[in-house]
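Inspection log for the structure reproduced underneath, given as structure tokens.
So you know, we letter chains A, B, ... as the sequences are listed, proteins then strands, and number each from 1.
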Amino acid sequence: MLMTHRPEYYHWNQWMFTRLYDRGLAYRKPSLVNWCPNDQTVLANEQVVAGLCERCDTPVTKKKLTQWYFKVTDYADELLDELETLRGTWPSKVIAMQRNWIGRSRGADVQFVIEGREAPIPIYTTRPDTLFGATFMVVAVDSDLAAELVSVADAGVQEEFAAYAERVKGDTEIERLSTERPKTGVFLGRYAINPVNGERLQIWASDYVLADYGHGAIMAVPAHDQRDLDFARAMDLPVRTVLNCLDDDGNPLPDPTESGVATTGDGTLINSGSLDGLDKAEAITAIIAELEKAGTASASVNYRLRDWLISRQRYWGTPIPIVHCDACGEVPVPDDQLPVKLPPTEGLDLKPKGQSPLAAATDWVNTTCPKCGGAALRDTDTMDTFVDSSWYFLRFLSPGKTDGPFDQAEAKKWAPIDQYVGGVTHAILHLLYARFFTKALRDMGMIDFGEPFTALLNQGMVQMDGSAMSKSRGNLVSLAAQLDEFGVDAIRLTMSFAGPPEDDIDWADVSPAGSAKFLARAWRLARDVSSEPGVDPALGDRELRAVTHRTLSEASELVESFRFNVVVARVMELVNATRKAIDSGAGATDPAVREAAEVVARLLSLFAPYCAEDMWSMLGHEDLVALSGLPPVDPALLVQETVTCVVQVMGKVRDRLEVSPDATEDELRELALAAPNVVRAMDGAPVRTVIVRPPGLVNVVVRK
RNA sequence: GCCCCCGUAGCCCAACCGGCAGAGGCAGCCGACUUAAAAUCGGCACAGUGCGGGUUCGAAUCCCGCCGGGGGCACCA
């Protein structure tokens, strides 16, 4: 058993941290971070769900803090491209979500000279073809760049900017994400020069440009970007169309200047100097080439993915194994001093207060620098608990190992995980982090694979009356009460039978009473069998044996492909056939009945182990059915004596023939053409062709 | 706005590589057993696959376009 809160486990989180640190994959930086005012801690991007804290649903705000990050972005391309290797074994939904989350886009960095500033400012754009349509520039209000640009503006502008920046800071993520939000901003009194035509562009600060994407600054092309157009209209800034766009029917779209709707599709360049007459793709290639020659632009790639913020201001978690020394700076704790154990919490104020509670444990915080031996302070933050689960699957292979995180030989033998099962809620949290860790560990030479989970199944959830159970809705189903009423076997069977495992189950749609009834029906078979264990099934009723062996032959494949609901349905069929054989067929003494009842018990042990074991022992066995496996399928019993051959005329079923399973194409064609119903349907029309798929189908195509 | 998934009997769901639309269950109805009921056993009925095109000898299945439902991302330049 693994307990990730114990030093025996988090020791190796710290070991991982220092290895990542050594490779430049763990680093500290000041940044505007997600802040949960209720939990009083920072959150990773992945832990902000629709603007709310993943743990407590409080609206998240922003705060400028210096925090620890894992450099997931170093692996952005690999994390994205290797999703392709998971196609087919991972749900396409999860692949799409990760793809979306990583959000790679291709474009160009373009340098804009700023009046009164020595260095030009780079902007990122996916649409360099629209450079001639740029009519102003916008920088993120919360960026360092905005603060710098405004610092030389006159007092009125500075005041206005400061007020605006303050207002924006107070906004929650929810407010920021609102699509109906009007555009706001402040003109900084500064100008940029458009490198393609030398035009002077006003520089504005606004919250619709993000500080931490691209360069935190954009060229605004209002005619061909809706956000820029909204801003231009709100601030009364010029709009210039540089692309004549057509709609799906080839008609020209209305000019954005008039319509208020930016055109983003393909078209022909206008008002764009040397680019005039080119289409979008040609213009992008041409302008990048031209500006690269001039040294003012370069092709560039950007990602939506951010580095993983792992610092938490919580008393539980793994202490970050760093010592801050005035002389040496950040010093990772050496291996032989790990683990850095959490201090005793006695006497500490553990309430969230915006600073790690560990800071109050002064005896613990005050330490000596591992490098120079001088006085130093421990880092007081703890790690995100998602660090624990990013590599636990490797720890499971050697859980007691004391001289390393996991045994590499065991990992070579067992890992990666062939089949992982988990909720879709982890699509871009755990599953992304674990993929990152795996790739990093591979690059450290500790494992020889780059993807941790070869196949993934997202199991569904149990709902009630169309939605997730919740106290406030009052649509709760007590599992304990259901178990009391129907028993664990019936409940488990109900869930398995309700539908494919990846589907949600609505408890209002299923019938645990029906499951209990079925189990009783199956159980009675074992009670009724009156032959001795070990009788030769070959002496039994062939018809029932055929059903038994057909069930067996299908069951393995169905189980392997997780179609448990179908397996249960097949067992139900076998139970029905066996019941019939006992009551009105071969009778309870027939060896085939014993064989069938035993197969029922063996297969049911997957879903209803208690019931199955009881059946097994009632059938006279001393061992466990769970360990008994499945008997081999007798292929001879799968061969049918006759099969029904469907005869179609022009694709419509007109007759059925009972034929031998190895009837030849010619025989079937002849039989079909002679069948009276077929002759009637053909109505004298000449045969054009006859399609024969032995033994089951003949289709006569006639000339009309 | 972009992306992913799903629409088959009253309901939950099967249907292999395109080949008889139905395996199983729930609910329903009928019968046997019973003084009666429960339980049990047996039987019956119910859709032409969301809509419109296309490909094909043949489409629930493949392609295109809609409609409906669920989910993800989103001021990402």
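Ring pair Phe136(A)/Phe231(A): centre-to-centre distance below 6.0 Å.
Using a 4.0 Å heavy-atom cutoff across all strands shown, Val653(A) reaches sugar-phosphate atoms only and no base atom. Residue contacts for Arg306(A): at a heavy-atom cut-off of 4.0 Å it reaches a base atom on one of the strands shown. Backbone-only contact: Asn565(A) has heavy atoms under 4.0 Å from sugar-phosphate atoms and none from a base. Counting any heavy atom pair closer than 4.0 Å across all strands shown, Ser105(A) reaches sugar-phosphate atoms only and no base atom.
When both pairing distances are held under 3.5 Å, U56(B) makes no Watson-Crick or G-U pair with any nucleotide shown. Applying the Watson-Crick and G-U wobble criteria (two distances, each under 3.5 Å), C46(B) pairs with nothing in any strand. Summarising the base pairing, C2(B) is matched to G72(B) through a Watson-Crick or G-U wobble pair whose two defining distances lie under 3.5 Å. Across all strands shown, G65(B) pairs with C51(B); the Watson-Crick or G-U wobble distances both stay below 3.5 Å.
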Within the 4.0 Å limit for protein heavy atoms, which parts of nucleotides 38-44 of chain B are touched? Write it as a string from 5' to 3', B for base, S for sugar-phosphate only, - for none.
--SSSS-
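Nearest nucleotide to the Arg563(A) side chain, out of A77(B), G72(B), A15(B): A15(B). Here the side chain of Asp207(A) is nearest to one of C75(B), A23(B), A77(B), namely C75(B). The side chain of Met572(A) lies closest to G24(B), out of A21(B), G24(B), A14(B).
Proximity of a side-chain donor or acceptor of Ser143(A) to a complementary backbone N or O of Ala146(A) within less than 3.5 Å is detected. Of the possible donor and acceptor atoms, none in the side chain of Tyr213(A) sits under 3.5 Å from a partner among the backbone N and O of Tyr303(A). Not a single donor-acceptor pair under 3.5 Å links the side chain of Ser31(A) to the backbone N or O of Val33(A).
Taking atom CG on Asp109(A) and atom P on A77(B), their separation rounds to 13 Å, with Å as the unit. If you measure from atom CZ of Arg304(A) to atom P of C2(B), you get 14 Å, rounded to the nearest angstrom. G71(B) atom P lies 9 Å from atom CD of Gln463(A), rounded to whole Å.
The pair Asp655(A)-Arg680(A) fails the salt-bridge criterion, with no side-chain N (NZ, NE, NH1 or NH2) lying under 4.0 Å from an Asp/Glu carboxylate O.
Relative ring orientation between Tyr433(A) and Trp308(A) is described as parallel, the plane-to-plane angle staying below 30° on a 0-90° scale split at 30° and 60°.
Within residues 85-96 of chain A, the residues that have a heavy atom under 4.0 Å from RNA chain B are, in order of number, Ser92(A), Lys93(A), Ala96(A). A heavy atom closer than 4.0 Å to some atom of RNA chain B occurs in Phe497(A), Ala498(A), Pro500(A), Asp503(A), these being the qualifying members of residues 491-507 of chain A.
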Would you list the protein and nucleotides 55-60 of chain B atom pairs, both N or O, that sit under 3.5 Å from each other?
residue, atom, partner, partner atom, Å
C57(B), O2', Asn699(A), ND2, 3.3
C57(B), O2, Asn699(A), ND2, 2.3

Short N/O separations, protein against nucleotides 61-64 of chain B, under 3.5 angstrom:
none

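Projected onto RNA chain B by closest heavy-atom contact, Val510(A) and Ile428(A) fall at different nucleotides, the more 5' of which corresponds to Val510(A).
Applying the salt bridge (charged side-chain N to carboxylate O under 4.0 Å, His left out) criterion to Arg492(A), with sequence neighbours excluded, gives no partner residue.
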